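Since this is a predicted model, take the numbers as computed values, not measurements. So that the names make sense, note that chain A is the first sequence line, chain B the second, and so on, each numbered from 1.
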Amino acid sequence: MIFKGKVHKYGDNINTDEIIPARYLNTIDAAELASHCMEDVDADFVKKVSKDDVMVAGENFGCGSSREHAPVCIKAAGVSCVIASTFARIFYRNAINIGLPLLESREAAQNISDGDEVEVDLAKGVIKNLTTGTEYQSTPFSSFVEQIISAGGLMNYVKQRLEARG
Amino acid sequence: MGKTIAEKILSKHSNNDAHAGDLVVADLDFVMGQDGTSPLAIRAFEEMGATEVFNKEKVVMVIDHSAPSPLEGVSALHHLMREFAKDKGIKLYDIGCGVCHQLVPEQGHVAPGNLVVGADSHTCSYGAINVFSTGAGSTDIAAAMASGKLWFKVPETIKYILNNKLAKGVYSKDLILYLIGKITADGATYKAVEFTGETIGNLSIDARFTISNMAIEMGAKAGLMEADDKTIEWVKKRNKTAFEPVSPDSDANYLEVIECDCSKIEPQIAKPHTVDNVSPISELEGTPIHQAFIGTCTNGRLEDFKIASQILAGKKINSDVRFIIAPASKDILLEATNMGYMQKLIEAGAALVTAGCGPCVGTHNGVPSDGENVISTANRNFKGRMGNSNASIYLGSPATVAASALTGKITDPRNYL
């Protein structure tokens, strides 16, 4: 899977309350959740984001609550993948389960700027900053995790496997 | 090679000789969901094609985050949970019962040595009674409800040896804030933490829950304590099943061992907008506050209301402060009423809200206004956490919050004890 998009850059310790405040957890509709994505950090994010854009952040992205609404709303907002220096544990697992690709690269996270155009090759873990021409290598997902992501999440992955077994 | 508590519990539940770094599929003793996260889990459960939960006695749901419902949308989600619980024959704790992390241990659902997952990041609370418990997302909870199993990466463990008694006016909340300030918000990410030593031994079970509850605020997967006589007595009053406490081996392998002389710690405050932004109270005294809150899964227990009522008995809170209290469970509310704590607090000016999460997560019960400062016993002070991203949240012990409600500014509780 290869994604190309514009970067929306944020700092360290972006928590799930910032990604989707609890006051909006009054629905499980992904599009409605997405309409409040990042609202408390960047009120204009929803207006600025386009399909396939890439979110870049610093340390401990997704810390805080276990709410799966957080990766769900980022994905539904159109973001193709998130690059960060590090991710919080529950968010990391939730993102894979719902099919939102994550790449861990401190170098990329520190050097890519807001508004840059990047291209991400998920299978290889390669992040290309098309604006500056710099390339970064992150550890690619294992093939098992990549299959989950390609299927669009754990649920679809399990369904596809069950259907294939027929 | 010896094993940590985490390695032992995950080995036993996966029939494996598991060590840190291993991936295991483990049998769960208990699965919990709350009203913020259960609706997505129910949808995932149904999408999975699951029809029954793996064991009706081992799955519960709790309506605590927005209870009673403040909004039509939330009402619909609560309805979904009630119908699911009825249909699957599982227990649902409805509005007014309390916060999930108080109810799960208090109502006897878990015991030392258990392996538990909950759809809430503060599920790590039960580590205080020797349970390996951790927060998970809705898809994982759906799989756990359906199968009674989940995969885990066995975590490495950081061990805290906490020496000496806490000083007068310094509580377990101050201790855990101090430790989080040192190790930072992601210092224990993907790790388990063990809390041991004389300081822990001297604490009540109520006070120990405060510490394990906040293990996630250092990024930890679990915040474990050994079961001592206090633990066994506390659990046996509530849980009649047989259980086997788990202690670490003396030659267990730790990623890091951190020793701390806890007698030197003074009251601590976590400043806006991260939990690891911690200072001793002396640096913040005098900061004006507009709202004070005692409650939550961190500090809404009987001992917390006792401490606060001792500070506020016969006094009136500052006229510029709104003071909200939310007991962590109905049982605590009743007991605190019987003991006279509630009367003292309400006479001092407290507004009592439904047993549950209260205003902690910003869904209802006391959203601050723009530019206001809140002092709270909760576990998170993230921007927007209490429903307004233009408000600032300071975290402290129940004693600090009570003393601050009295004066209208951040106040060292040691002046009032």
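- Residue pairs that meet the side-chain hydrogen bond (donor to acceptor under 3.5 Å, both in side chains) test with at least one member in residues 132-146 of chain A, sequence neighbours left out, are A:N129-A:T132, A:T132-A:T134.
- Salt-bridge annotation for A:D42 and A:K48: present, with a side-chain N of the basic residue lying under 4.0 Å from a carboxylate O of the acidic one.
- Of the two parts of A:T16, neither the backbone nor the side chain holds a non-hydrogen atom closer than 4.5 Å to a non-hydrogen atom of chain B.
- Ranked by heavy-atom pairs under 4.5 Å with chain B, the first of A:S66, A:A70, A:P21 is A:S66.
- Most heavy-atom pairs under 4.5 Å with chain A, from the set B:G135, B:G362, B:A220: that is B:G135.
- Looking only at atom types and distance, the side chain of B:E83 has no donor-acceptor partner in the side chain of B:H78 under 3.5 Å away.
- Of the listed residues (B:H122, B:K221, B:E217), the greatest number of heavy-atom pairs within a distance under 4.5 Å of chain A belongs to B:K221.
- If you measure heavy-atom distances from A:F91 to chain B, you find no contacts under 4.5 Å at all.
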Please set out all donor-acceptor pairs under 3.5 angstrom arising from side-chain atoms of residues 39-54 of chain B, sequence neighbours excluded.
from	atom 1	to	atom 2	distance (Å)
B:R43	NH1	A:I28	O	3.2
B:R43	NH2	A:I28	O	3.3

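- Contact count versus chain B (heavy atoms, under 4.5 Å) is highest, among A:A88, A:A22, A:C63, A:G64, for A:G64.
- Side-chain contact of A:T86 with A:R106: a donor-acceptor pair under 3.5 Å is absent, judged by distance alone.
- The candidate with the highest count of non-hydrogen atom pairs below 4.5 Å against chain A, out of B:V74, B:T363, B:T139, is B:T139.
- Side-chain contact between B:V116 and B:L28: absent, with no pair of heavy atoms (C-beta onward) separated by less than 4.5 Å.
- Not counting sequence neighbours, the partners of A:S65 by the side chain to side chain donor-acceptor pair (under 3.5 Å) test are A:R67.
- Chain A forms more heavy-atom pairs under 4.5 Å with one residue of B:G384, B:S138, B:A185 than with any other, namely B:S138.
- Of the listed residues (B:I141, B:D276, B:D140, B:L77), the one with the most heavy-atom contacts under 4.5 Å to chain A is B:D140.
- For A:N26, the parts lying near chain B are the backbone and the side chain together; criterion is any non-hydrogen pair under 4.5 Å.
- Between chain B and the options A:D40, A:V72, A:N156, A:L25, heavy-atom pairs under 4.5 Å are most frequent for A:D40.
- Side-chain contact check for B:D64 and B:Q34: no donor-acceptor pair (N or O, by modelled atom type) lies under 3.5 Å.
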What verdict does the side chain to side chain donor-acceptor pair (under 3.5 Å) test give for A:H69 and A:Y24, after you've listed the backbone C-alpha separation in whole Å, the side-chain angles of each residue and the deciding distance to 0.1 Å? CA-CA 10 Å; A:H69 313 68; A:Y24 299 125; over 6 Å; no

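- Both the backbone and the side chain of B:R385 have a heavy atom closer than 4.5 Å to some heavy atom of chain A.
- Heavy-atom pairs under 4.5 Å with chain B were tallied for A:R93, A:E59, A:R23, A:E39; the largest tally goes to A:R93.
- Judged purely by distance below 3.5 Å, without hydrogens or angles, the side chains of A:D12 and A:N60 never pair a donor atom with an acceptor atom.
- The part of A:N13 that comes within reach of chain B is its side chain, from C-beta onward, which places non-hydrogen atoms under 4.5 angstrom from that chain.
- A:K4 and A:E117 are not joined by a salt bridge, as no carboxylate oxygen comes within less than 4.0 angstrom of a charged side-chain nitrogen.
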Which is it for B:Y190 and A:F87 under the ring pair (Phe, Tyr, Trp, His ring centres under 6.0 Å) test, yes or no, and what are the steps along the way? CA-CA 10 Å; B:Y190 267 99; A:F87 291 92; over 10 Å; no

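- Contacts from residues 65-73 of chain B to chain A, taken as heavy-atom pairs separated by less than 4.5 Å, involve B:L71, B:G73 in sequence order.
- Annotation: maximal heavy-atom pairing with chain A below 4.5 Å, among B:D186, B:T123, B:D35, B:V367, occurs at B:D186.
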For side chain to side chain contact (heavy atoms under 4.5 Å, CB included), just list the numbers for B:M32 and B:H101, CA-CA rounded to whole Å, side-chain angles, deciding distance to a tenth of an Å, and then say yes or no. CA-CA 9 Å; B:M32 184 277 297; B:H101 302 311; 3.6 Å; yes

